[in-house]
Number of protein chains: 2
Amino acid sequence: MATYKNELSNAGSSLTCVAEHAGVSAMTVSRVLNQPNKVAEATRQKVEASLDALGYVPNLAANTLRRERSGVIVAMVPTVENSIFSDTIQGISDILEAAGYQLLLGCTSYDLEKEEKLTRAFLGRRPDGIILTGVSHTDTTRALLKNAGVPIVEMWDFSDQCSENCVGFDNYKAGYEIARYMLECGYENIGLVATTLEHEAHEFRAAKRSAGIYAAFRDANRPAPLRRNVSDPLAIDECGATAADFVAANPEFDAIICSSEVLGVGAIKELHGRGWQIPEKIGVAGIGDANIAGLVHPGLTTIKIPGKRIGERSAEILVERLRGSHDLAIQEDIGFQLVVRGSTK
Amino acid sequence: MATYKNELSNAGSSLTCVAEHAGVSAMTVSRVLNQPNKVAEATRQKVEASLDALGYVPNLAANTLRRERSGVIVAMVPTVENSIFSDTIQGISDILEAAGYQLLLGCTSYDLEKEEKLTRAFLGRRPDGIILTGVSHTDTTRALLKNAGVPIVEMWDFSDQCSENCVGFDNYKAGYEIARYMLECGYENIGLVATTLEHEAHEFRAAKRSAGIYAAFRDANRPAPLRRNVSDPLAIDECGATAADFVAANPEFDAIICSSEVLGVGAIKELHGRGWQIPEKIGVAGIGDANIAGLVHPGLTTIKIPGKRIGERSAEILVERLRGSHDLAIQEDIGFQLVVRGSTK
DNA sequence: GTGAAAGCGCTAACAC
DNA sequence: GTGTTAGCGCTTTCAC
């Protein structure tokens with residue numbers, strides 16, 4: 001005897017329930033959902049009424065199992081708490097939603113081991129595609145991804161030697177550019193405040209930016225800048241204190257380059273608080289312009305990275321790939337932009 | 001004949017493949033994965049070797065289908081681009097990860113219709129729980145949720161009459177508190193700059209905050225403040241311009257209350273830029289302290305909302321509920337905090 | 001235009 | 001301790 005659930009509990013309401021309710025077969029209901037034009041008008045209306053009456057919600061787990069296609073895209077970013085990647089996530093989300101995909105978001109905390117763990121866990125969902133931040137991953141992560149045969153996009157970095165899809169900017173050039181600008185401004189004694197994340201591997205994006213900074217000094221025939229590292233690059237007050245202490249300890253400095261937006265803004269706030277004149281007494285530059293560089297006074301001279309665009313393009317490329325429009329890996333340099341504000345003269 | 005895939009493509013590698021490779025039944029492999037102590041040591045090692053050799057990744061779609069439990073929690077927030085909800089998401093993510101759940105994130109753009117759409121789509125994944133922002137939803141959304149029988153938590157608002165789990169703060173009180181503070185400061189002519197989102201329903205959180213503000217004026221026997229609305233409450237420059245124009249048009253103002261952090265910060269920047277002395281000439285207050293209120297100069301006097309805590313508790317309560325520890329709905333008032341900075345005297 | 005059968009990968013329930 | 005059977009909800013294939 002029929003056992004379809006009534007309107008008060010669709011928790012188990014299946015195609016079969018709807019089929020019984022409408023007096024047709026499950027297949028017909030499935031067709032109404034997926035290829036309605038292959039169903040007679042009268043049948044369709046009958047089925048749609050039952051669909052409504054039972055409050056049917058398709059079970060996408062069954063769908064995934066049968067179709068070997070989940071409609072899920074995984075994206076992993078280093079942090080979601082800080083706003084660095086907020087607009088990237090928004091960009092990804094917008095594109096995926098329009099294309100009918102759902103977003104499974106992971107947060108790696110800048111930790112490749114955690115990225116590996118998440119990759120393993122997420123692959124269980126049989127995602128149709130994966131967006132990763134950066135081009136550095138553990139060997140196991142790479143193996144897992146390759147093994148799974150899922151198309152991937154690496155974002156927020158750029159390398160034309162990459163075999164994967166890759167959307168971002170050249171972190172080395174970004175570092176080079178801000179340093180070049182500061183040197184051309186005529187600053188004589190520039191200090192560098194940077195994160196320590198880069199100890200891991202030279203592939204890291206922060207390490208690339210530092211490398212670019214050093215290269216600009218070399219090309220200008222200047223000695224490498226004195227450097228101080230911050231331990232928690234997202235803690236703005238701590239960053240500011242470190243930067244200000246660094247300046248205080250090196251009276252010859254006329255400027256500092258900070259390797260991130262948070263660092264730069266923290267430095268401006270703290271130096272300002274301690275009575276240093278910016279930019280007269282000390283110039284400050286940063287890298288990154290997500291949402292706070294323009295708020296402090298004076299504003300932070302920095303490198304603007306089009307995060308939303310990176311997210312959008314990453315998702316777009318993945319979607320195109322899934323539609324089969326592209327077979328070759330795409331490497332896309334989104335570029336960046338020098339933004340000069342009041343923190344430099 | 002056996003057809004298990006080799007190491008280069010696990011795309012289809014199933015329990016059965018692993019079982020054949022190890023010379024056992026699929027059930028035994030399943031046991032090694034789920035209840036290893038019920039398997040003989042020797043068998044276990046053999047199976048684990050095969051698991052490794054084939055790079056087996058469990059298919060969670062099949063798991064979900066069979067177990068009627070997906071291990072997925074859905075969370076929906078109004079925006080992911082602005083940092084308002086960033087730490088809430090981080091809080092949710094931290095707790096869920098520790099509890100072994102995956103997070104499916106949705107962004108409603110402050111739109112209840114979109115929330116309904118997303119709800120429908122996400123329910124297809126058979127999530128084990130759902131976290132929603134606010135207590136206002138369309139009737140259909142409510143019906144869908146009820147019908148699905150999924151435990152839910154509503155966050156970022158608080159109502160002790162709510163039949164659902166609810167974690168947040170009293171938006172009305174938050175509005176009341178900032179207005180009360182400004183009145184007690186001795187400001188005589190206060191303007192109100194607010195968002196227009198509240199046109200929808202009086203349930204909306206922004207509308208509640210406004211209602212609280214008006215109530216504070218009434219309780220102080222003051223007439224309702226003059227008010228101006230901003231159209232895009234997330235566009236900081238536009239917000240600032242609107243606020244500054246409002247002040248310029250009403251020379252009698254000695255202070256303004258802004259209904260959000262972005263508004264408040266935008267106002268300070270723009271007023272400062274136009275040469276208004278803050279707080280001497282004009283006081284500025286806001287609501288919200290996600291990450292920028294303390295960066296402008298002077299800092300914004302505002303209401304700090306513990307977003308991360310809200311996210312953590314929301315996820316915790318959901319997880320407890322899923323473990324069966326609680327049956328009754330929990331309403332938890334996380335509270336808020338008045339933060340006085342330089343923008344008020 | 002519609003339906004019946006089979007099977008995606010997994011595990012609960014029951015043998016042995 | 002291990003294997004067999006059945007079925008979760010869906011769609012592909014083929015039959016009518």
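Proteins come first, then strands; the chains are lettered A, B, ... in the order of their sequence lines, and each starts at number 1. These figures come from a predicted structure and were not determined experimentally. What you see below is based on every heavy atom in this structure, not just the backbone, and it leaves out hydrogens, waters and symmetry mates.
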Q) Using a cut-off of less than 4.0 Å, is there contact between a side-chain N or O of B/Asn59 and OP1 or OP2 of C/dC8? A) no
Q) Would you say B/Trp156 and B/Phe85 make side-chain contact, with heavy atoms under 4.5 Å? A) yes
Q: Look at A/Asn63 and D/dT11 and indicate whether a side-chain polar atom (N or O) is within less than 4.0 Å of OP1 or OP2.
A: yes
Q. Are any of A/Asn34's side-chain N or O atoms less than 4.0 Å away from OP1 or OP2 of D/dT11?
A. yes
(Q) At less than 4.0 Å, is any side-chain N or O atom of B/Thr28 found next to OP1 or OP2 of D/dT2? Yes or no. (A) no
Q | Atom-pair distance (CG on B/Leu33; C1' on C/dG9), nearest Å | A | 12 Å
Q: Could you check which of D/dG3, D/dT11, C/dG9 has an atom nearest any side-chain atom of A/Ser30?
A: D/dT11
Q: Write down the distance between CD (B/Glu20) and P (D/dG3), rounded to a whole number of angstrom.
A: 13 Å
Q: Determine, for B/Glu48 against B/Arg44, whether the closest basic-nitrogen to carboxylate-oxygen distance falls under 4.0 angstrom.
A: yes
Q. Looking at C/dC8, C/dC10, D/dC10, which one has an atom nearest to any side-chain atom of A/Glu68?
A. C/dC8
Q. With sugar-phosphate meaning primed atoms plus P, OP1 and OP2, does A/Thr43 contact a base, only sugar-phosphate, or nothing at under 4.0 Å between heavy atoms?
A. sugar-phosphate
Q: Measure from the side-chain heavy atoms of B/Met27 and tell me the nearest of C/dG3, C/dC10, D/dT4.
A: D/dT4
(Q) Tell me whether A/Arg323 is salt-bridged to A/Glu320, with the criterion being a basic N under 4.0 Å from an acidic carboxylate O. (A) no
Q: Answer yes or no: are there more than 12 heavy-atom neighbours, outside B/Asn37 itself, under 6.0 Å from its atom CG?
A: yes
Q | Between P of D/dG9 and CG of B/Leu123, the distance in whole Å | A | 16 Å
Q.
C/dC10, OP1 or OP2 - any side-chain N/O from B/Arg67 closer than 4.0 Å?
A. no
Q | Base D/dG3 paired with B/Arg31 side chain (donor-acceptor, <3.5 Å) | A | yes
Q.
Rounded to whole Å, how long is the line connecting atom CZ of A/Arg66 with atom C1' of C/dC10?
A. 15 Å
Q | B/Gln35 CD to C/dC10 P, straight-line distance once rounded to whole Å | A | 15 Å
Q. Cut-off 3.5 Å, side chains only: do B/Glu116 and B/His137 have a donor facing an acceptor?
A. no
Q: When you get a sec, tell me which of C/dG3, C/dA12, C/dT2 is the closest nucleotide to the side chain of A/Val39?
A: C/dT2
Q. Roughly, in whole Å, what's the span from CG in B/Leu60 to P in C/dT11?
A. 9 Å
Q) Between B/Ser109 and B/Lys114, is any side-chain donor less than 3.5 angstrom from a side-chain acceptor? A) yes
(Q) Rounding to an integer number of Å, can you tell me how far A/Arg69 CZ sits from D/dT11 P? (A) 12 Å
Q: Rounded off to whole Å, could you give me the CG-to-C1' distance for the A/Leu15 and C/dT2 pair?
A: 15 Å
Q) B/Leu65 or B/Asn37: which one's nearest nucleotide on DNA chain D is closer to the 5' end? A) B/Asn37
Q. Which of these nucleotides, D/dC10, C/dG3, C/dT11, is closest to any side-chain atom of A/Ala62?
A. D/dC10
